[in-house]
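These notes are about the structure you will find just below.
As the structure lists them, so they are numbered: ligands from 1, and atoms in each ligand from 1.
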Amino acid sequence: MLSGMRYSFECKTAAVIAFVFLLQDFGIEGRLIQGTNVNLGEALQFLREYSNEGSEMCFRLNTARWNYATNMTEINKKRMIDEQTHKAKFDKVSWKKAITFDWTHLSDPVAKRQLKILATTGRASLNDEKYNEIHHLVSEMKDVYSHTQVCPFNNFDPQFCNISLEPDISRLMSHSKNPAELLHLWKEWHDKIGPRLKNKFMRYVQLANQAARMIGFSDAGDQMRHVYEDAVFEREVMETWRTLEELYKEIFTYVRRKLLTKYGPEFVRENGPIPVHLLGDLWGQDWSKIFDILKPYSWSKDVDVTSEMLLQGYTPLKMYQLAEEFYTSLGLKSMPPEFWKNSLFDKPNDRKIQCTASAWDFCNGVDYRIKQCTKVDLQDFVTAHHEMAHIQYYMHYAEQPYLYRDGANPGFHEGIANAIVLSISNPTHLQRIGLIRNESNAFETNIQFLLQMALKKVSYAPFAFLVDQWRYKVFKEGVKNMNSAWWDLRLRYQGIIPPDLRTEQQLDPMSKKHVPADIPYINYYIALLVEFQVYESLCAAKGHIGQLHTCDFYKSREVGSILSDAMQVGKARHWKDVIRMITKGQSDSISASSMLKYFQPLQQWLHLQNTNEEIIGWNVSSDDRMLFQPLQSKSNSVRYATFPLIILLVSGLII
Ligand SMILES: *[C@@H]1O[C@H](CO)[C@@H](O)[C@H](O)[C@H]1NC(C)=O
Ligand SMILES: *[C@@H]1O[C@H](CO)[C@@H](O)[C@H](O)[C@H]1NC(C)=O
Ligand SMILES: [Zn+2]
């Protein structure tokens, strides 16, 4: 996770190659809002001021956010909200100024691009009243989400109905093996969240669409996708999913067999979709949490890295020092003194804090921090490296103007951090740093490692892919039958069904925080692809031989220099240029082929496991559909079935 104010807008360079993208994008530029001022001097002056004030604003807001996150008092919360309000006003003023320029006709590419980013960002196009309303709505939805509590299993006595998502529901969803309890928790959460948020969400959709249309987008989904500055973005994303689908279905089929064995045909149909509540979390997104059920070799013991860490006297500080050593071994930067002074590695006892690990950029070129309630175990060791990758990224693009201090596209920060994590968390690396003693290159060890990774990454892919498909559809086609549209996508891409009847009274996508919190989701899918693409390229640069998942690029200066070049760019250039830099010209688009390559040995193995299955994937019965489309007529089902195709065609035509 990363923190700080993130802007996500688009990129272009003067490079010849980028010119192609510029042409592609030109059609849309013509309909975006702009003024008449073509005075380049004035534009540059404004952008300089914006960059300074924006950095200052970021410093103040992040200081207030940090103070609250590490000391959750009412006063600190109020100060943070004051800064947020301040920032919202600043955004509005900046937007108004930016749209006085005729930026499509400015010759200077840097000025043009920054103005375009400003003009197409956010919702400042709304009048003051509506602008405040949508900010208020989103913060209300976030509040409802974080304060919703449910009743425990078998006990609806109100005095006990105080179970929260974190840590209780999450823990129970992955630990409980009682299907009745899992169903209860799943249903409680979904039934309490959705109806409470439905009206607010519908108003939010209306306002977000108005804001987007006033800028010149066809709807708010169009505005969200515009960040990727890619006319064929949706088609490319769909193609990557087609590449992954077969692997996903193999894992799905393997998992369904294990669940059938565990829970019986009353819960899992041999050739059908899987009911979501059996998969380890509320959304069926991370199946590694039920690895105990899915383990192929029950006799094999997991390597206990954690006790080795304790034995060797690891502390949170030592974990961060080792993470730093990993980066300096590649020739990347060491952490500045401010980092060691201001970061928070240990959970304090004297106050309430938000423990989610995060990396912070205070936008002044010196102050960078990590907050993590670090436990001495393998997972937190990996997280330490992950968060420090964000700090490396921040430090590398610190010289860029404020608007370019961001990942090349919204998937890059996470993608690069996780690519590095693929190197440091595999057994090869853990052996090199002495956390695994005896080498075990047994076939079974490899398969278990890859299976665990796949249950986290490949199983997550269709979910990461579909959340925004749903959101785009709602923005485009309206709020009618929103809930059945959600389940239609879940069934189509994940092969997942709800554990009980759903209707339009409910609004199940609200169960995932990013939807009410107005946070784009496709970025996570892109990050997943970037992760494996970057990893494969870095491993090639290091000269790795053998199966991809065994590659560790510790101490490789070649890898460091590629990372450093790519991170320095920030978002000053189109992300396709950055992919070209990282892959040394081999590729200029997102692709799932690196991910397939990584999991290739597992895919072969899964295919063997699934030999006797009736179907690799799932058959949909009318009962499955009845769970969420009880009153749907035939013609409606057909409409849903063809929806992605329609979206693709229509957006293809517009752009
Ligand atoms: C926490 O914040 C309060 C203000 O609400 C402040 O008085 C207190 O000193 C802070 N505690 C720490 C440890 O920073
Ligand atoms: C929950 O209630 C059911 C029936 O009311 C009962 O059979 C079951 O034992 C109870 N389970 C727990 C954990 O209390
Ligand atoms: Zn992160």
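Shown in contact with Ile75 at under 4.0 Å from a heavy atom are these atoms of ligand 1, numbered in order with element: 5 (O).
At least one N/O/S atom of His390, whether from backbone or side chain, sits less than 2.8 Å from the Zn ion (ligand 3). Among the backbone and side-chain atoms of Glu414, an N/O/S atom is found under 2.8 Å from the Zn ion (ligand 3).
Within a 6.0 Å radius of CD in Gln312, other residues, nucleotides and ligands contribute more than 12 heavy atoms.
No side-chain donor-acceptor contact under 3.5 Å links Trp287 to the backbone of Gly280. Under a 3.5 Å cut-off, the side chain of Ser587 and the backbone N or O of Ser589 do form a donor-acceptor pair. Gln285 contributes no side-chain N or O that, together with a main-chain N or O of Ala464, makes up a donor-acceptor pair within less than 3.5 Å.
For atom 2 (O) of ligand 1, the nearest protein heavy atom lies closer than 4.0 Å. Atom 11 (N) of ligand 1 is flagged as protein-proximal [any protein heavy atom, distance under 4.0 Å].
Under 4.0 Å is where a charged nitrogen must lie from a carboxylate oxygen, and between Arg580 and Asp588 at least one such pair does.
In terms of polar-atom proximity, Arg79 is not counted as a contact of ligand 1, lacking any N or O under 3.5 Å from an N or O of the ligand.
Ranking protein heavy atoms by distance to atom 8 (C) of ligand 1, first place goes to Asn71 ND2, 3.8 Å. The shortest contact between atom 13 (C) of ligand 1 and any protein heavy atom is with Arg351 NH1, 3.5 Å. The nearest protein atom to atom 5 (O) of ligand 1, hydrogens excluded, is given as Thr73 OG1, 2.7 Å; this is a heavy-atom distance.
Ring geometry, Phe339 versus Tyr320: the interplanar angle falls from 30° to 60°, so the pair is classed tilted.
Aromatic pair Phe475/Tyr472: centroids not less than 6.0 angstrom apart.
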